[in-house]
There are 2 protein chains.
Amino acid sequence: MHTSEAMALSAALLSVAGELTHRINEGVVARGFEGVRPAHGFAFARLAPDGATVTDLAAHLGVTKQAASQLVEEIVRKGYAERRPHPEDARARLVVLTERGWACTRAAEEAAAEAVGAWVELLGEGEVRVLRQQLGRIAPYGPLRPAW
Amino acid sequence: MHTSEAMALSAALLSVAGELTHRINEGVVARGFEGVRPAHGFAFARLAPDGATVTDLAAHLGVTKQAASQLVEEIVRKGYAERRPHPEDARARLVVLTERGWACTRAAEEAAAEAVGAWVELLGEGEVRVLRQQLGRIAPYGPLRPAW
DNA sequence: GATAAATGGTCAAGTTGCTTGACTATGTGG
DNA sequence: CCACATAGTCAAGCAACTTGACCATTTATC
């Protein structure tokens with residue numbers, strides 16, 4: 001693998017990632033959820049199963065807990081989540097999605113499916129499955145960082 | 001392709017993209033080029049062949065020309081590029097990389113090769129080649145947008 | 001050719017999403 | 001019980017963008 005090939009692979013990957021993010025966000029907005037940014041989607045993904053604390057979110061997003069706190073304040077104000085007392089720790093608060101938050105998450109899934117659908121038309125279903133498996137194997141466990 | 005699979009693919013792709021960006025930037029800094037952000041790398045990629053105007057850069061990066069102008073001002077101040085009069089248009093200025101800018105670009109290529117090398121160890125060279133070809137086929141032609 | 005409109009670039013001010021620093025409230029270990 | 005760590009927020013500052021205004025030059029229209 002020459003350095004130029006590595007650069008071409010990197011450029012293609014980042015280009016595809018940028019386009020995908022853009023399309024998902026567009027699709028979410030088109031489904032009636034305004035005032036949401038891509039970063040919110042990654043927060044929703046962490047909140048979705050059982051909720052999370054602000055500190056959990058901060059680690060997941062790779063930002064300070066103050067930034068995570070501000071983000072939570074924003075999505076609470078917009079009706080996508082709510083703060084509940086934590087059942088085991090009186091200092092902490094459990095942030096959980098509201099019904100609107102769940103609806104927005106489903107909209108993001110639909111938009112993602114649409115974007116991936118365009119790849120299926122280009123590569124075929126089998127190749128896209130291969131792509132998913134390959135990316136899954138090299139995906140890190142660390143925080144979701146902004147791409148640049 | 002179910003929506004949950006599309007979501008898993010999207011998450012893996014964005015995760016890999018974020019990690020790749022982080023590693024390339026770390027590698028560039030480790031090679032002695034401080035004060036550079038990932039966005040600069042994408043500007044360098046556009047400037048590398050024959051230089052570009054501020055307006056070209058703005059379109060390439062998907063930002064306003066004012067933002068592109070500020071970015072050029074910054075990389076000029078840091079010694080990575082310089083402004084020259086445009087040979088055909090007295091309004092425009094051709095922004096070209098300095099020798100230090102070229103050295104930084106080579107450092108980014110080396111760092112990218114390192115990051116991709118880790119994937120080769122996980123997937124094997126053949127699979128990575130497949131990955132590159134697949135991504136190349138679905139990569140858009142539009143501007144390089146920040147992933148989120 | 002003259003003149004209106006479009007284009008390349010910059011200056012200035014405002015917005016936003018993040019940071020660091022300071023603080024309170026609650027939990028944990030000596 | 002007391003020192004220290006942790007969850008969360010408030011406040012101020014910063015950095016990378018935005019919008020709006022403007023000048024210099026080129027292109028289009030008559």
Side-chain angles (χ1 to χ4, degrees), chain A residues 18 21-22 25 29 34-44 46-47 50-78 80-96 143-148, chain B residues 18 21-22 25 29 34-44 46-47 50-78 80-96 143-148:
Chain A
T21 303
H22 186 68
N25 200 54
V29 170
E34 294 183 12
V36 283
R37 290 175 291 117
H40 296 147
F42 293 94
F44 287 11
R46 181 67 185 82
L47 298 177
D50 304 299
T53 66
V54 163
T55 301
D56 286 340
L57 258 186
H60 185 247
L61 298 176
V63 298
T64 62
K65 60 182 182 176
Q66 291 92 326
S69 183
Q70 290 172 5
L71 190 143
V72 167
E73 170 60 26
E74 187 184 353
I75 63 178
V76 165
R77 178 165 41 80
K78 291 177 177 170
Y80 294 106
E82 59 186 16
R83 292 184 240 242
R84 294 185 181 171
H86 196 286
E88 298 166 1
D89 190 335
R91 296 170 301 178
R93 314 180 70 172
L94 197 60
V95 181
V96 297
L144 281 161
R145 306 174 185 280
W148 66 83
Chain B
T21 303
H22 186 68
N25 200 53
V29 170
E34 294 183 13
V36 282
R37 291 175 290 115
H40 296 149
F42 293 95
F44 287 11
R46 181 67 185 83
L47 298 179
D50 305 298
T53 66
V54 164
T55 301
D56 286 340
L57 258 186
H60 186 247
L61 298 176
V63 298
T64 61
K65 60 182 182 177
Q66 291 92 327
S69 182
Q70 290 171 5
L71 190 144
V72 166
E73 171 59 29
E74 186 184 353
I75 63 178
V76 165
R77 179 166 40 80
K78 291 177 177 170
Y80 295 105
E82 59 186 16
R83 290 183 242 241
R84 295 185 180 171
H86 195 286
E88 297 167 2
D89 190 334
R91 297 170 301 178
R93 314 179 70 171
L94 198 59
V95 181
V96 297
L144 280 162
R145 307 172 184 281
W148 67 85

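Below, all heavy atoms of this structure are taken into account, side chains as well, without hydrogens, waters or symmetry copies. Order of the sequence lines fixes the chain letters, A, B, ..., with proteins taken first and strands second; residue numbering starts at 1 for each chain.
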Nearest-neighbour nucleotide for the B:D89 side chain, D:dG8, D:dT26, C:dG9 considered: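 Within the option list, the nearest is D:dT26.
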Options D:dC17, D:dT26, C:dG9, nucleotide nearest the side-chain atoms of B:A90: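 Comparing D:dC17, D:dT26, C:dG9 against the side chain of B:A90, the answer is D:dT26.
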Distance test, side-chain N/O of A:R83 to OP1/OP2 of D:dA7, below 4.0 Å: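 Result: no.
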Short side-chain N/O contact from A:R93 to OP1 or OP2 of D:dT9, under 4.0 Å: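 Affirmative; the distance criterion is met.
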Between [atom2] on [N] and [atom1] on [X], what's the gap in Å once rounded to a whole number?
| X | N | atom1 | atom2 | answer |
| --- | --- | --- | --- | --- |
| A:D56 | D:dT6 | CG | C1' | 12 Å |
| A:I75 | C:dG17 | CD1 | C1' | 15 Å |
| A:R91 | D:dA7 | CZ | C1' | 6 Å |
| B:E73 | D:dC17 | CD | P | 15 Å |
| A:R37 | C:dT15 | CZ | P | 17 Å |
| A:L94 | D:dG8 | CG | C1' | 14 Å |

Shortest non-hydrogen contact between A:P87 and A:L94, atoms and distance: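 That closest heavy-atom pairing would be CD-CD2, 4.5 Å.
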Residues in side-chain hydrogen bond (donor to acceptor under 3.5 Å, both in side chains) contact with B:D56, at least two apart in sequence or another chain: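 Residues passing side-chain hydrogen bond (donor to acceptor under 3.5 Å, both in side chains) with B:D56: B:T53.
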Close side-chain approach of B:F44 to B:I75, heavy-atom, < 4.5 Å: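 They are in side-chain contact.
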Nearest-nucleotide 5' precedence on DNA chain C, A:E74 against A:E88: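 The answer here is A:E74.
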Test: B:E74 and B:R37 ion pair at under 4.0 Å: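 Here B:E74 pairs with B:R37 in a salt bridge, since their nearest N and O are under 4.0 Å apart.
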Residues A:E73 and A:K78 bridged, charged N to O under 4.0 Å: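 A:K78 and A:E73: not salt-bridged.
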Step-by-step side-chain contact (heavy atoms from CB on, under 4.5 Å) determination, A:Y80 to A:L47: CA-CA 11 Å; A:Y80 294 106; A:L47 298 177; over 6 Å; no
Hey, can you pull the donor-acceptor pairs under 3.5 Å for the side chains in residues 57-68 of chain A, sequence neighbours left out?
from, atom 1, to, atom 2, distance (Å)
A:T64, OG1, A:A67, N, 3.2

Strand contacts (DNA chain D) in residues 63-72 of chain B, 4.0 angstrom heavy-atom criterion: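 Within this stretch, B:V63, B:T64, B:Q66, B:A67, B:Q70 sit under 4.0 Å of the strand.
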